[in-house]
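This report concerns only the one structure given below.
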Amino acid sequence: MDPVRKEEFDSGACGSLAPKTKACPRPKPGEAAGGCSFDGAQITLLPIMDAAHLVHGPIACAGNSWESRGALSSGPSLSQYGFATDLNDSDIIFGGEKKLKESIDYIAGRFAPPAIFVYSTCVTALIGEDMDAVCKEAADRLGIPVVPVNSPGFVGSKNLGNRLAGDALLQYVIGTGEPEPEMQPGVNLIGEYNIAGEMWDIEKLMNSAGIAVTSRITGDARYKEIAWAHRARVNMVVCSRALLGLAREMESRYGIPYFEGSFYGAKETTYSLRQMAYLMNDRDMERRVDRLTEREENRLAQDLRPYRKLLKGKKAVLYTGGVKSWSVISALKELGVQVVGVGTNKSTEDDVRRIADRVGDDTEYIPEGGASRILKTVKERKADIMIAGGRNMYVAMKEQIPFIDINQERHKAYAGYEGLLRLAKELTYSLANPVWKLAASPAPWDREAPPYDR
Amino acid sequence: MSKDKLDIPDYNTLFSEHRFVEQRLNKQQFEAPCSEQETAEALAYSKSAEYMEKNFSRKAVVINPHKACQPLGSIMAALGFEKTLPFVHGSQGCNSYFRSHLSRHFKEPTPAVSSSMTEDAAVFGGMNNLIDGLENSVALYKPEMVAVCTTCMAEVIGDDLSAFIGNARQKGVIAEDFPVAFCNTPSFVGSHITGYDSMLKGILSYLYERSGVEAAPGRGEETGEKLNVMLGFEPYTGNFAEIRKILDAFDTKYTLLGDHSGNYDSPATGEYEYYYGGTKLEDVPLAAKALGTLSLQKYTLRKTQEYISGTWKQQISALSAPLGITGTDKLLEAISELTGLPVPASLTEERGRVVDALTDSHPYIHGKRVALVGDPDLLIGLIGFCLETGMEPVHIVCSNGDVDFDGVKFKEEAEALLSASPYGSEAAVYVGNDLWHMRSLLLNDPVDLAIGSSHLKFAAKDAGVPLIRVGFPIFDRHHMHRHPIIGYQGALNLIGLIVNTVLDELDRNNSGFNYDLVR
């Protein structure tokens, strides 16, 4: 099977700043599609925990999404409030700009956030609201940044939304502030959202090697730290091609070198830490990183031994947002788990190439969504476990397939060395739970057929 | 495999470890957080009457809404019919929200597709997306009916569903006789309950009108003395089981118009099918000849009720959620009246048992002050239940009892219900308000218990009030939706939930000398 989709050749890389034609692959009508650009923009910016996030549109976009992400905060929680202008039909006819202005004023007055992000939606984009002007006026009047995020759902996929959010940060936030004088320059983590607290594990590792985090873009971030992101010495794009454009632009504007890396799996983690130290151009730091990674890898190898034994030869189907696929494959491979099927529906050309580098020739690519397609792969390849997100979890349960949630609602952190150990444990436990045996055996009076062999 | 306990800490425990706590404290150094005193002052201010006044004079912004949008309800309605594929005409994100939202509540997959409109559709209209979408989805998912609803986007650009579906037939994309029901559900009007109503009415009228059947009200003999029953936007699969149990006890035949319990409560057999259960499509035209129609969500189902009484000329008994003893009594009386059958002795006996249970528990809930959040019909049921058990509803917030959308009538009924009981004397009903208003109410005028969906947990936590999860959505507890809350059995479930929460609180707050064994 040809892993690279044609439309991606046509479209140019999704993360590119200057797409040749279309920005990201288009969803196909009549399928159970994934999230939209609005969703993508929100996911990127909501982890800025102390900011207020106001959705300008009808109730749906906010009402269906507030407070349901797993990006954790170490302090402020304003970002978790569902703010919406809740436009009704008369607003659609006469315009909602007045309501927007009043909403911004109320939020600024009551919640005193360091900044307000205002999101356009399909409706406000279609009726031609001049959101930029309202935001600018409010920012000038109130003396706080009011950032318009122009990413209505219909412009395309979630990935494109991530990118548009990155554009908003570039245009309105990055470069507008300065770090505290005592802070040592370090690394920006771009596209790491602190799902289940993974950022904290990563930070701990970086700090042990003496590498400072300058800005978190945006996991567990504060508005202020994004404003000073231009003072970092290195940008790391964590598993998110959609924000690659942000890194590229920061390279050309501020001369900050960037690299793409991941923290899933020991190999990738070591590579990422080394790369940071190398780009910081600091020999001492490189040596510290080498010592740290060696120590951590040895300890991990020890801890993993019993789990590797149990997991060796197990087969998994991985269905997650394209950007995560290749890095999770690395992690699984280190545990001896063979990936027999992998979703590529949201992957870019480069992501697919990375996947191809990491899996065998007989791995099946699942280019488009739909439960039935994933299930077919699980059955045909006799997979032992499915690793996917919440929307597919219950399908797996119906089919009695052991399952691990890898997406935004998960409650376990899998990044870094300790994360890999947690992933190994989670995999063994999920496979070993007696409920699968129970589920696979028919009622005693129906036993003549042999139980489904897995 | 090892038989160890699952000892992978989830984030609650993992990040409480000292090293991470320290890391977070370090971070605060340059966060420049407010001082503890400032935080305390702000919190105190947010509890003040002065702030509450400001909060309630807020006109422009909605903070923490307690409603979802129309198409979400439409999907639920569509899944109530056999082999029906819900189809959302609009940009793709909406559909993924709806699927997540419903799946998070029911812990079941939600089959639904989107026409994935993009900006070229915004300029040229979504016809091609709808036609391609119909072709693709019918080929992929092999439904027997497609139920199309619109989103804001399709509505704002003015897509004409009826014409587009006609064009799809003309182009041969779908067969001439393949049923495609549809309705308009812009999200800037109404909420999930109005969307449910629109789609139910859309499906009933569509299937009826194309069948050529003549409506003949009360011709029970032709249809086997059937009764139509509608549960509406029903987040409890257990309520379907309960209503079946009650109707079977009456020994009446019935058609559930819209039954998504199959889709949201299917067995794990090792084989996932796309469609489970649902009202049979051929039963819909025959429903026009039924004895009458029983509606259990009169505010939710306004359009459908109008259609059934207007076009099918049927007698309708429209109730709100039949919660508690009085609510269930009304339900049984309505069934009795519509079918001419007496209330079966088995139900009278069950009633007696549940009344007994309520009397057992009443000392612990008498006079408990309660805050309620929910959809209009649920709230009417809950208010009635609270009053009959001696609980005192105090704050009642209904985000989707919008003032411009029948909110007034709901409010009137709720207030009349409350003022008829001494236990309702302190209550105030707020329509079109959100959970940030509720937070002000809880902080300013404290209550003992909060009853509502998972979304209420944040305000309840701020106010230190235990939350009893009832309604939609319940994301953070498992299997609540499997236990009925309607009928006498439902009353028993509700009283169990409430009284045991109260008793848990007593134990939690015990001061050492009254850690009672017997209560």
Side-chain angles (χ1 to χ4, degrees), chain A residues 26-36 38-39 58-60 63-65 72 74 81-84 86-89 92 99 102-103 106-107 122-123 126-127 153-156 180 196-197 200 203-204 222 310 371 375 390-391 394-395 397-400 411-412 422 425-426 429 432 439 452, chain B residues 1-2 6 8 10-11 14-15 19-20 23-24 27 30-31 33 58-65 67-69 72 91-97 99-101 103 107-109 112-119 122 129 132-134 136-137 140 152-153 156-157 187-189 266 268 270-272:
Chain A
R26 288 307 167 90
K28 193 169 154 192
E31 279 188 356
C36 60
F38 161 75
D39 193 17
I59 195 63
N64 299 339
S65 68
L72 304 191
S74 61
Y81 287 85
F83 293 111
D86 187 14
L87 298 189
N88 58 35
D89 41 1
I92 307 295
K99 219 171 179 178
E102 287 173 19
S103 299
Y106 186 89
I107 294 171
C122 290
V123 168
L126 285 170
I127 62 174
F154 63 76
V155 299
E180 320 281 314
W200 298 331
E203 262 192 79
K204 194 178 60 125
R222 309 293 176 264
L310 293 166
L375 290 174
R391 273 196 296 274
Y394 302 109
V395 176
M397 298 300 145
K398 285 275 172 280
E399 297 260 334
Q400 303 163 1
H411 292 222
K412 309 275 165 60
R422 278 180 221 127
K425 288 185 183 179
E426 185 79 22
Y429 291 138
Y452 178 47
Chain B
M1 289 282 160
S2 135
L6 190 68
I8 320 153
D10 89 337
Y11 52 55
L14 176 67
F15 295 112
R19 50 202 175 127
F20 289 106
Q23 183 180 309
R24 286 201 288 276
K27 185 170 178 171
F30 64 89
E31 238 173 39
R58 158 167 65 92
K59 286 284 172 294
V61 65
V62 169
I63 307 175
N64 300 352
K67 59 178 177 179
C69 67
L72 183 131
S91 67
Q92 60 161 340
C94 305
N95 188 41
S96 85
Y97 278 137
R99 289 177 58 221
S100 297
H101 215 72
S103 289
K107 319 291 178 206
E108 296 282 321
V113 299
S114 158
S115 61
S116 301
M117 281 160 65
T118 48
E119 69 273 56
N129 290 68
D132 291 352
L134 281 174
N136 292 336
S137 60
L140 271 171
C152 303
M153 183 182 181
V156 170
I157 63 178
S187 308
F188 42 82
V189 182
S266 61
E271 198 85 40
Y272 173 57

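Here is the naming used below: chain letters follow the sequence lines, and residue numbers restart at 1 for every chain.
Residue contact with chain B, scored on non-hydrogen atoms closer than 4.5 Å, involves the side chain of A:I92 exclusively. For B:Q23, the part sitting under 4.5 Å from any heavy atom of chain A is the side chain, from C-beta outward, and nothing else. At a 4.5 Å heavy-atom cutoff, the contact between A:C36 and chain B is made by backbone and side-chain atoms alike.
Looking at every heavy atom in both residues, B:M153 comes nearest to A:L126 through CG-CD1, 3.6 Å. In plain terms, the two heavy atoms of A:I59 and B:A68 that are nearest each other are CG2-O, 4.3 Å. Smallest separation of non-hydrogen atoms from A:P29 and B:N136: O-ND2, 2.9 Å.
Under the 4.5 Å side-chain criterion, counting only non-hydrogen atoms from C-beta, A:E102 is not in contact with B:R58. Contact annotation: the side chain of B:I63 approaches that of A:Y106 to within less than 4.5 Å [non-hydrogen atoms, C-beta and beyond].
Put simply, the side chain of B:Q92 gets close to the backbone of A:G35: a donor and an acceptor are under 3.5 Å apart. For the pair B:N64 (side chain) and A:G82 (backbone), a donor-acceptor distance under 3.5 Å is present.
The CG atom of A:D89 lies 11.0 Å from the SG atom of B:C152; values are rounded to the nearest 0.5 Å. A distance of 9.0 Å separates CE in B:M117 from CZ in A:F154, rounded to the nearest 0.5 Å. Distance OH/B:Y272 to CG/A:L375: 8.5 Å, rounded to 0.5 Å. With values rounded to the nearest 0.5 angstrom, A:D39 atom CG is found 10.0 Å from B:C94 atom SG.
Of the listed residues A:G197, A:A84, A:C122, the one with more heavy-atom pairs under 4.5 angstrom with chain B than any other is A:A84.
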### Task
Quick one: do B:E108 and A:K398 satisfy side chain to side chain contact (heavy atoms under 4.5 Å, CB included)? Show the steps, please.
CA-CA 8 Å; B:E108 296 282 321; A:K398 285 275 172 280; 2.5 Å; yes

